[in-house]
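Keep in mind it's a predicted model, so treat the numbers as computed, not measured. Per chain, numbering begins at 1; letters A, B, ... match sequence-line order.
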Amino acid sequence: MSADDAADETADPDVDAPNAAPDDSPHILSAGSAADGEDAADETTETFHAFWADVVADEVEARDPDEPIVIKGGVSPSGVAHLGNFNEIMRGYFVAEVLRDRGREVRQVFTSDDKDPLRKVPRKLANADGEIVGLGEVDAGALGRNLGKPYTAIPDPFGEAESYAAHFAGLLKADADRLDVPVEMLSNTELYADGDFDDAVRTVLGDVERVREVLFPYQDKVDDEYVPFNPVCAECGKVTETVTGIDPEAETVDYVCTDMDAGGNTIEGCGHEGTATFREGKLPWRLEWPAQWGVLGVDFEPFGKDHAEGSWPSGVDVARNVFGEEPPVPMVYEWFTLNGDAFSSSEGNVVTVQELLELIEPEVLRYFFALHPKKARDLDIERLDQLVDRFDRFERAYFGEVDDPDLTAFAERAYPFVVGRPDDPPTERPIRLPYTFAAVLGMVDDPDFRERLARDEGHIPDDADADAVDAALARVEQARNWAERTGNEYDYRLQTDLPAVEFDEDVAAALDDLAAFVAAGHDGEEIQGAMYETARDHDVEVSDFFAAGYRLFFDDTQGPRLGEFLGELERDYVVDRLRREA
RNA sequence: GGGCCGGUAGCUCAGUUAGGGAGAGCGUCCGGCUUUUAACCGGACGGUCGGGGGUUCGAAUCCCUCCCGGCCCGCCA
């Protein structure tokens, strides 16, 4: 394939095959990769780590990096900052925190590759509130007219931020704040404008021959004419692809603003012929990524599996043989799916951090990112209760309450980072209501009811202080949102008004009897028992009688265990409702 | 077609570092909570550890091979 072609045509003695040796594999967390490397046999810490971030931290420290250690992530702006994008931030975050815990100074940065051109109009966008909207909500024409321009040169479709790029970066930053992750957002456009890339561009354009040789095995487009620099057209503002000459002395390039192919569509160039300085353009991705490593002094960078076999090997090669520096410690992470399918903003299969935080606590979401990066994981919104249950168990394991040595070992190390308190780990386990139980409580709005039922069911200790109780009950709102969002079996509401009902005489009489029983003052357990007896007394099928109760209180045919539920409600309300009076 | 990474119970996943008991939670079923109704408790059912071969006294774990899935092998990022 292309590798063979490359070998044939590269009549160059000192650069033959791609220079990515086996030990440059980015899969540093895979089973086989920790095996004894025969080469640099520097007793690579054979310590076992229960938390993957420690394994990565070992790799970083083994290089004896200067401080602050720099950890990077980055994305190109798109319409929606979805959960998958957060791998770039969260995976790096845990490594950063582990290194800080080891006494290192760490700087976590996140680059927005916002000098890239907008290549097609996104079908969905997230507004400043994180809500996903279609193009109908924005000035789509303004986007269409600006195809081919850098994201930073395109107006914010919502008319609020400085640019499209600023809007998108703002979304990411806001979500990072919500997860309490301190990350420094960097704009590629600004890095160019400030001259940070000057040396890299000089290196590249100063020896284009060399760059071509390095790049040749990786890209078919690289030929004797290829110039790895994309000036921004002075006339129309688009990122151009046709450089006709380089003046290394003046540090300028000549270009023609030609048409650009963008995934099948053509973005028309204006035909302008001009001259651009080294700052008035950008390096293409395969050079820009390794250039960032050098400019920012990156020591570690996680990236998705799509980069593992494509731009990583070429990036390693470019870093060493163009820029003369070592690439950072890499780490490939698997992609998440959402409800079984790939994230896709165009098809609406996306979820944002902000949306998720309406359903689960931040620590639960952080926990999700603390799980092993090499496993493809599905985030199933319908089964969010499973994720929360797993987190609760993980938390109990940290407090020594779970008989599972592996889980406990993982929890002992990872839990303090997951809750964001490595220096000051909690000494007391928070009160956690089981998520589905919280969903049951969410059927009633009254906070006192929620607390009473939670206490009666033994989920809140008698001596719990008020703050701890409030914290525990906060989950009810989230579980309630989950029930509503999924429309699952917990999505019922206690009816404040009498539903339209009609019962036959026997049922009506039984309800009246039950009302009298409740009015006399009995607890939930007794009411539950009375329901059976009353039904039998009136020759009513038990199931029919329960159905009548669910109709009255939930306007449905099913519901939670009714007796105990009614026992916690206001007595007058229950009595009136059973009598069909209010 | 080639490369990389994955494949453990119906579902979500531990376990592979260092070979020795196949596990957890949820779901399902049964039972308990005096008395069918989602929450609580107990128990049971449930797996050829993707298939096959090899090494070994012993393999989910190591080796080979095949199957399946994702990604990459144009451009872009």
Side-chain angles (χ1 to χ4, degrees), chain A residues 1-4 25-27 29-35 45-50 55 74-78 113 116-117 119-120 218-221 241 260-264 284-286 288-289 303-313 332-335 337 342 371-372 374-380 382-387 389-390 392-394 397 402-407 409-410 433-441 443 453-454 456-459 488-490 492 525-526 528-536 541-543 545-547 549-550 557-565:
Chain A
M1 303 277 296
S2 58
D4 294 47
S25 165
H27 302 281
L29 292 177
S30 292
S33 61
T45 49
E46 299 184 9
T47 326
F48 173 70
H49 292 300
V55 178
V75 293
S76 188
S78 68
D113 296 335
D116 297 352
R119 308 181 82 85
K120 63 176 185 185
Y218 303 98
Q219 291 189 286
D220 287 355
K221 70 186 284 187
E241 294 186 326
M260 177 168 70
D261 180 53
W285 164 252
R286 282 195 131 85
E288 190 173 74
W289 194 28
F303 46 87
K305 64 175 176 178
D306 53 330
H307 288 312
E309 299 305 317
S311 39
W312 170 253
V332 178
Y333 58 81
E334 264 289 342
W335 290 354
T337 53
L371 297 172
H372 204 286
K374 290 300 293 184
K375 293 277 256 185
R377 287 173 202 282
D378 185 48
L379 184 73
D380 188 345
E382 301 274 338
R383 304 314 329 264
L384 261 192
D385 56 314
Q386 288 196 359
L387 176 63
D389 285 351
R390 281 189 72 198
D392 288 351
R393 193 174 139 83
F394 165 76
V402 177
D403 180 21
D404 183 331
D406 293 317
L407 177 62
F410 173 58
L433 304 179
Y435 194 70
T436 52
F437 177 72
V440 170
L441 297 186
M443 296 175 188
L453 189 48
D456 280 1
E457 294 294 321
H459 291 300
N488 64 9
E489 68 263 39
Y490 300 96
Y492 294 130
E525 203 174 321
E526 290 166 334
Q528 179 79 0
M531 291 196 69
Y532 290 91
E533 288 171 25
T534 310
R536 278 197 293 269
E541 287 289 332
V542 170
S543 58
F545 193 50
F546 271 97
Y550 290 127
T557 56
Q558 301 174 68
R561 192 177 300 175
L562 200 51
E564 278 133 64
F565 206 90

Pairing nucleotide - [N], Watson-Crick or G-U, each distance under 3.5 Å:
N      : value
B/rC13 : B/rG23
B/rU48 : none
B/rG2  : B/rC72

Does [X] reach a base, just sugar-phosphate, or nothing at all? Heavy atoms under 4.0 Å.
X        : value
A/Phe394 : nothing
A/Asp116 : sugar-phosphate
A/Gly310 : sugar-phosphate
A/Glu288 : nothing
A/Tyr550 : base
A/Pro560 : base
A/Arg119 : sugar-phosphate

Out of curiosity, [X] [atom1] to [Y] [atom2], how far, rounded to the nearest 0.5 Å?
X        : Y        : atom1 : atom2 : result
A/Leu384 : A/Thr436 : CG    : OG1   : 12.5 Å
A/Phe394 : A/Leu387 : CZ    : CG    : 11.5 Å
A/Leu562 : A/Met531 : CG    : CE    : 4.5 Å
A/Glu288 : A/Asp113 : CD    : CG    : 5.5 Å

Rounding to the closest angstrom, what is the interatomic distance between [N] and [M] at atom [atom1]?
N      : M      : atom1 : answer
B/rC73 : B/rC66 : P     : 24 Å
B/rG10 : B/rC29 : P     : 16 Å
B/rG51 : B/rA59 : C1'   : 16 Å
B/rG74 : B/rC11 : C1'   : 39 Å
B/rG27 : B/rG70 : C1'   : 27 Å
B/rU61 : B/rG42 : P     : 34 Å
B/rC72 : B/rA77 : P     : 15 Å
B/rG20 : B/rC4  : P     : 27 Å

Nearest-neighbour nucleotide for the [X] side chain, [options] considered:
X        : options                : value
A/Asp389 : B/rA77, B/rC5, B/rC26  : B/rC26
A/Glu564 : B/rA39, B/rA77, B/rU37 : B/rA39
A/Arg286 : B/rC75, B/rU37, B/rA39 : B/rC75
A/Arg561 : B/rA39, B/rA77, B/rG74 : B/rA39
A/Gln219 : B/rC76, B/rA77, B/rU37 : B/rC76
A/His459 : B/rU35, B/rU34, B/rC40 : B/rC40
A/Lys305 : B/rG70, B/rU34, B/rU35 : B/rG70
A/Leu453 : B/rG25, B/rA39, B/rA77 : B/rA39
A/Asp306 : B/rG70, B/rA77, B/rA14 : B/rA77

Checklist line | Under 3.5 Å donor-acceptor, A/Arg377 side chain and A/His372 backbone | finding: yes

Donor-acceptor pair, A/Arg119 side chain versus A/Asp261 backbone, under 3.5 Å?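 Between the backbone of A/Asp261 and the side chain of A/Arg119 there is a qualifying donor-acceptor contact (under 3.5 Å).
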
Measure all distances between protein nitrogen or oxygen atoms and nitrogen or oxygen atoms of nucleotides 7-10 of chain B, and list the pairs falling under 3.5 Å.
unit_1, atom_1, unit_2, atom_2, d
B/rG7, OP1, A/Lys375, NZ, 3.2

Atom-pair distance ([atom1] on [X]; [atom2] on [N]), nearest Å:
X        : N      : atom1 : atom2 : result
A/Arg377 : B/rC13 : CZ    : P     : 6 Å
A/Leu407 : B/rA24 : CG    : P     : 13 Å
A/Trp335 : B/rG70 : CH2   : P     : 11 Å
A/Asp404 : B/rG23 : CG    : C1'   : 8 Å
A/Glu309 : B/rC72 : CD    : P     : 11 Å
A/Phe545 : B/rU37 : CZ    : C1'   : 14 Å
A/His372 : B/rG6  : NE2   : P     : 9 Å
A/Trp312 : B/rC5  : CH2   : P     : 15 Å

**Message:** For a quick test of reading the model: is some side-chain N or O of A/Tyr333 closer than 4.0 Å to OP1 or OP2 of B/rG6?
**Reply:** no

**Prompt:** Taking only residues two or more places apart in sequence or in another chain, which ones pass ring-ring contact (aromatic ring centres under 6.0 Å, His included) with A/Tyr550?
**Reply:**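 Residues passing ring-ring contact (aromatic ring centres under 6.0 Å, His included) with A/Tyr550: none at all.
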
Q. Listed by chain and number, what are the ring-ring contact (aromatic ring centres under 6.0 Å, His included) partners of A/Tyr333, not counting sequence neighbours?
A.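 ring-ring contact (aromatic ring centres under 6.0 Å, His included) check on A/Tyr333 returns nothing, list empty.
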
Tell me if the centroids of the rings in A/His27 and A/Trp312 come within less than 6.0 Å of each other.
no

Checklist entry - Does A/Val542 or A/Glu334 map to a spot on RNA chain B nearer the 5' end, using the closest nucleotide for each? => result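 Checking each residue's closest nucleotide, the 5'-ward one belongs to A/Glu334.
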
Walking RNA chain B from its 5' end, the first of A/Ser311 and A/Asp380 to be reached, judged by nearest nucleotide, is A/Asp380

Point to revise | Passing candidate, side-chain hydrogen bond (donor to acceptor under 3.5 Å, both in side chains) with A/Glu334, options A/Lys305, A/Lys375, A/Lys374 | key: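 Going through the options one by one, the only one that passes is A/Lys305.
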
Any side-chain donor-acceptor pair under 3.5 Å between A/Thr337 and A/Asp378?
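Side-chain D/A pair, A/Thr337 to A/Asp378: present.
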
